[in-house]
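The structure appears below as structure tokens.
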Amino acid sequence: MEEPTPSTSMEAVKRLQQEANDLLKLAKGSKWKEVVDRYRLNPEIHRVRITRSGDTALHIAVLDRKEDAVEELVRLINEAPSESDDFVAKKEGRTPKNHPLWLANERGNTPLHLAASIGNARMCNCIAQEHKDLVGARNNVSETPFFLAALHGKKDAFLSLHNILQVNGKGHEYCRNQNGETILHCAIAGEYFDLAYQITVLYGNILTSSFDEEGRTPLHLLASKPALFKSGSHLGFFHRIIYHCISVKKLEGIKEDATSNDDKKYPINYQTCMNLWNMLTNAVLTISGMDKKGNSEKGQTTSGNQGIDKKGNSEEGQTISGNQETSRNCLKDLEEGRSNSSQNKVIIFIKFLYSAMMVILGIGAREIKKIREMKEKHEWAVQIMEKLLECASTYEYDYSAGAQPDTKQEDDITTAPTEENEEKGQKDKKADGKRVFTFNIKDKGFVFDVDFSKGEVSIARDEGKKQKGQKETPILIAAKNGITEMVEAILDSSPMAIHDRNSSDKNIVMLTAENRQPKVYELLLKKENLTESMCDAVDNEGNSVLHLVAMATHHQPWLIPGAALQMQWEIKWFKYVQDKMPRNFTMRYNKANKTAKEIFTEKHEELVKNGSEWLNSTANSCSVVAALIATVAFATSATVPGGLKEGKGTPTLGHTAAFNVFSISSLIALCFSVNSLVMFLAILTSRQQEKDFGSNLPNKLLFGLSSLFISIGAILISFCAGHFFVLKDELKYAALPIYAVTCLPVAFFAVMQFPLYLDLIWATFRKMPKRSSTSVS
């Protein structure tokens, strides 16, 4: 057999280079039929890279979402004769490493990686169906296609790859990346709730207690997201009404029946009509009870372990209308409400009417859509939390916080040999001409030095690892962030968790008080297993609960504007916690020899200063307006419209109703404007010490603003009533718009200050402050 000459080798390289250029031009022009023809005629180009990043034509086809072209290219690659000499792989049924489908670009991504990233289940199934080991291929950052599908929240692609892996039972081996993050970590971090729930159903016993390299479990991640729970969100009055009227469908496990008549797609202009028709039909069947038999028979043929549940998250457009889902949920609630009380039936019926209105109106207002999405997050986050607690054992929860990834279950995580040695901490070094072997058990935080010449072994703790491993348990993180749902659920499933402490030796009561979480604090006080020793406990610096409450935070913890009102609620929170403690608790000293009161005064000096400046600026601006109103009110109250009757001294227009309105309103404006001015002057001349922000200064500001608003309204009424006499009878009603325009500047000022007035009323009469929704890391 003749060996190839250099000239023939160069010609072959040039020919392949020309093929690569031609393939790239065809791919850019979306001429995939011609690309398929070239793949059919010349199997050599199956391995040709056509871009600088190392992509093949199959990579480009996957990124362009050309499903038919991908299927044809994969079929041609599989039908091509294999040139691999890896007989072991063939014997074991594995795909040889030099197979075209194993070709990766410069980032280490194979075509299956890309298909999983974009979430195309059809392409994933096409590529991996005959080459199941491709699902375990890792890119440069040790991510498998299975992991990437979860990372990007692609539920359909994830379930498709799961079904492929189910044959050999290796799904759990491909669930981590090089940082120790699992697919469940990624789904929760990305807030892909439907996918996260499916993962807990499929791999819950393995992944719910898994740790990343930072020592965090999926429950840790969920506890650090207070906005995902109802207790971490704040809604206005009308938004709360809409929130309670919205019904959210619960997450369900994967079902056997992947197709459903409910998923029929209609033209957009018919979709609303069909949604209303389906809802009314289901309503009649539900109320009449005719659908019970059908539902029971359908339930007997439904499995919770196989197939794909079409919940509405399909990336290929196979979604169910959100309004249609809501109507079904309300009908389900209506059916279940038959066994409940009459009150529950009324509530469920109101929800049903609301969903009917939403179907008629279509998508609904943008605000309603946002509230719906918010409630879905809240409901689904609680459902995932309950599933995580159900799968995790009590022992693992109580004692595994801050642990490192358990790589025994993930044997497939491989790196380069040099990186592996560095990861394990194994080093050979020379010390004084003698060989010394250092072995670092990285997962446990210890370093062993072995001197073979002397046969000596020394052990030391890795301080960096020690600090890294000191993580808080999920209940402590949830308490800091004010997630009452999680705190209560953890205490119900693991009562001993109430005794958890962090690296600073702070228990759950101390962390709750320190981070200003009133709802969690009230919840803990109601627990029977909350002993006095927990309230009397101190941290490693000798700080008690009151000491921690006295320490000010850098951000605004309370849901109230203004430094003065923040200071008022700080005082209220300190007194509220103090009232729950024993009397002798106030005078306890920490290791710095300071009491809680001394720390409170020291830490709140800047807040007191800012509060004083805010009060002075507010009082200055309002006192100017009050003085102007008082001047005008004094002039109008001393003026008699129409003059006096000669010889009698009585008002000429005294018998008219407008004159009475003018007289009374001008007097009210004068009295209340003077009172308002006096209150604002009292604020400006006050000492403005720390204790004054508790009730003295806020009450003065509240009384001053109340008087100011009353005087503004009264002076406007007085002006309109007095000017009413100037116009003739035929122009009286025509002047009403002019009155409205004239009063706009003063009314605009009142409207601008009215939110502050409402905040003052709320802050003054609310016994316990309300926490803002800011998360605490």
message: What verdict does the side chain to side chain contact (heavy atoms under 4.5 Å, CB included) test give for F680 and N675, after you've listed the backbone C-alpha separation in whole Å, the side-chain angles of each residue and the deciding distance to 0.1 Å?
response: CA-CA 9 Å; F680 292 131; N675 288 335; over 6 Å; no
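- With respect to the salt-bridge test (charged N to carboxylate O, under 4.0 angstrom), the residues E570 and R516 qualify.
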Using residues 707-717 as the side-chain source, report each donor-acceptor pair under 3.5 Å to any protein atom, sequence neighbours left out, with the distance given to one decimal.
unit_1, atom_1, unit_2, atom_2, d
S707, OG, F703, O, 3.0
S711, OG, S707, O, 3.2
S711, OG, L708, O, 2.7

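- Applying side-chain contact (heavy atoms from CB on, under 4.5 Å) to S623 and the options L677, V678, L628 leaves one that passes, L677.
- By the 4.5 Å heavy-atom criterion applied to side chains, K519 and L523 are not counted as neighbours.
- Of the charged side-chain nitrogens involved, at least one lies within less than 4.0 Å of a carboxylate oxygen, so that E602 and K594 count as a salt-bridged pair.
- Closest non-hydrogen pair, L607 versus A563, comes out as CD1-O, 3.9 Å.
- Look at E690 and K597 and you find a salt bridge, because one of the NZ, NE, NH1 or NH2 atoms lies within 4.0 Å of a carboxylate O, short of that distance.
- For Y243, the OH atom sits in a packed shell: over 12 heavy atoms of surrounding residues, nucleotides or ligands are nearer than 6.0 Å.
- Counting heavy atoms from C-beta on, the side chains of L546 and F600 never come closer than 4.5 Å.
- Under a 4.0 Å N-O distance rule, the pair D692/K700 does not qualify as a salt bridge.
- A perpendicular orientation is assigned to the rings of Y521 and W573, their planes being inclined by more than 60° (bins at 30° and 60°).
- The six-membered or imidazole ring of Y576 lies away from that of W569, with a centre-to-centre distance of 6.0 Å or more.
- Two residues are said to be in side-chain contact when any heavy atoms from C-beta on lie closer than 4.5 Å; T512 and K480 fail this criterion.
- Contact annotation: the side chain of N590 never approaches that of S544 to less than 4.5 Å [non-hydrogen atoms, C-beta and beyond].
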Worksheet item: Can you check side-chain hydrogen bond (donor to acceptor under 3.5 Å, both in side chains) on Q517 and N481, steps first, answer last?
Response: CA-CA 7 Å; Q517 300 294 352; N481 289 317; 5.7 Å; no
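- A heavy-atom distance below 4.5 Å is not found between the side chains of T595 and R588.
- In this structure, the separation between CD1 on I246 and CD on E373 is 10.0 Å, given to the nearest 0.5 Å.
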Legend entry - Verdict with supporting geometry, M679 and L701, side chain to side chain contact (heavy atoms under 4.5 Å, CB included): CA-CA 7 Å; M679 287 296 103; L701 183 60; over 6 Å; no
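- Counting heavy atoms from C-beta outward, I508 and M534 have side chains that approach closer than 4.5 Å.
- Look at K230 and E485 and you find no salt bridge, because none of the NZ, NE, NH1 or NH2 atoms lies under 4.0 Å from a carboxylate O.
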